[in-house]
Amino acid sequence: MSRAENSRTEKAPARARQYWLMKSEPDEASIDTLAKEGALPWTGVRNYQARNFMRDVMRIGDGVLFYHSSCPEPGIAGLAEVCSQPYPDPTQFDPKSHYYDAASKPDEPRWQLVDVKYVRKSALIPLAELRAHEELADMVVLRRGNRLSITPVTPAEWRFITTRLMG
DNA sequence: GCCAACGTTGGC
DNA sequence: GCCAACGTTGGC
């Protein structure tokens with residue numbers, strides 16, 4: 001098949017890869033947990049904006065900065081990748097789960113998640129270092145008062161972090 | 001443990 | 001729809 005033919009018959013290209021920063025408390029799931037498991041369902045998100053990112057915007061193959069939060073050394077600990085379509089978070093229906101949501105009905109689940117797979121661990125990039133780089137001044141996660149556990153990352157921010165701040 | 005900042009809830 | 005009260009996040 002010629003190059004031109006091939007380009008005509010290819011299905012419409014998926015949208016360009018997008019990038020995210022996802023916070024996890026290492027006590028619950030660290031980059032080492034992810035490395036060991038290979039992939040994890042991103043359970044426990046109970047914020048509508050973060051849910052909407054997973055449910056409506058994320059695509060398989062999107063890049064993820066894996067961030068350790070609420071711990072002695074907050075910062076980016078490695079890279080991961082979105083590896084599933086969105087589906088209902090099972091913990092919302094489990095009365096024993098910390099994330100149980102009695103108001104969510106199985107036929108109309110309120111919380112959706114994606115699976116995230118391990119790519120690689122990096123030397124920790126501390127929050128203070130992220131703040132020190134002019135190139136990252138507009139990162140959503142660094143905005144004053146930000147509490148969102150999932151935030152978009154621009155291609156330029158991704159490139160800077162993965163090529164300049166990671167080995 | 002403190003506390004700023006923010007999201008959610010619920011009375012009105 | 002307003003908004004005060006409350007709960008949570010998350011760095012320090």
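Labels below follow one simple rule: chain letters A, B, ... track the order of the sequence lines, proteins then strands, and each chain is numbered from 1.
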message = Is the phosphate of dT9(C) approached by K23(A) (side-chain N or O, under 4.0 Å from OP1 or OP2)?
response = no
query = OG1/T91(A) to CG/L113(A) distance, rounded to the nearest 0.5 angstrom?
reply = 7.5 Å
Interatomic distance where CG belongs to N52(A) and C1' belongs to dG7(B) [whole Å] = 14 Å
query = Which whole-number value in Å describes the distance from N47(A) CG to dG10(C) P?
reply = 9 Å
request  = Establish, with yes or no, whether the OP1 or OP2 oxygen of dG11(C) is under 4.0 angstrom from a side-chain nitrogen or oxygen of Y67(A).
outcome  = yes
task = Decide yes or no on side-chain hydrogen bond (donor to acceptor under 3.5 Å, both in side chains) for T162(A) and R120(A), but give the supporting numbers first.
result = CA-CA 11 Å; T162(A) 56; R120(A) 71 184 172 96; over 6 Å; no
message = Under the rule for side-chain hydrogen bond (donor to acceptor under 3.5 Å, both in side chains), what residues qualify as partners of E25(A), not counting sequence neighbours?
response = none
Interface residues of residues 70-79 of chain A with DNA chain C (non-hydrogen, below 4.0 angstrom) = S70(A), P74(A)
ask   = Mind checking who shares a hydrophobic cluster with V141(A), ILVMFWY linked at side-chain heavy-atom distances under 4.5 Å?
value = Y19(A), L21(A), L65(A), Y67(A), I76(A), L79(A), V119(A), I125(A), L127(A), L130(A), L136(A), M139(A), L142(A), V153(A), W158(A), F160(A), I161(A), L165(A), M166(A)
key: Passing option when V45(A) is tested against M22(A), M54(A), R55(A) for side chain to side chain contact (heavy atoms under 4.5 Å, CB included)   = M54(A)
side-chain hydrogen bond (donor to acceptor under 3.5 Å, both in side chains) against Y48(A), all qualifying residues, sequence neighbours excluded = none
ask   = Just by distance, do the side chain of E108(A) and the backbone of K105(A) share a donor-acceptor pair under 3.5 Å?
value = no
key: Minimum-distance nucleotide to R147(A) side chain [options: dT8(B), dG7(B), dG11(C)]   = dG7(B)
task = If a pair satisfies ring pair (Phe, Tyr, Trp, His ring centres under 6.0 Å) and one of its residues is in residues 68-93 of chain A, list it, with sequence neighbours excluded.
result = F66(A)-H68(A)
ask   = Atom NE2 of H68(A) to atom C1' of dG11(C): distance rounded to whole Å?
value = 16 Å
task = Quick one: pull up OH in Y99(A) and OG1 in T43(A) and give me the separation to the nearest 0.5 Å.
result = 6.0 Å
Atom pairs under 3.5 Å, N or O on each side, protein against nucleotides 1-6 of chain C: can you list them with distances?
none

inquiry  = How many whole angstroms separate atom CD of E28(A) from atom P of dG10(C)?
reply    = 11 Å
key: Spacing of L142(A) atom CG relative to dG11(C) atom P, expressed in whole Å   = 11 Å
note = Between CZ of R46(A) and C1' of dG7(B) the distance, given in whole Å, is 15 Å
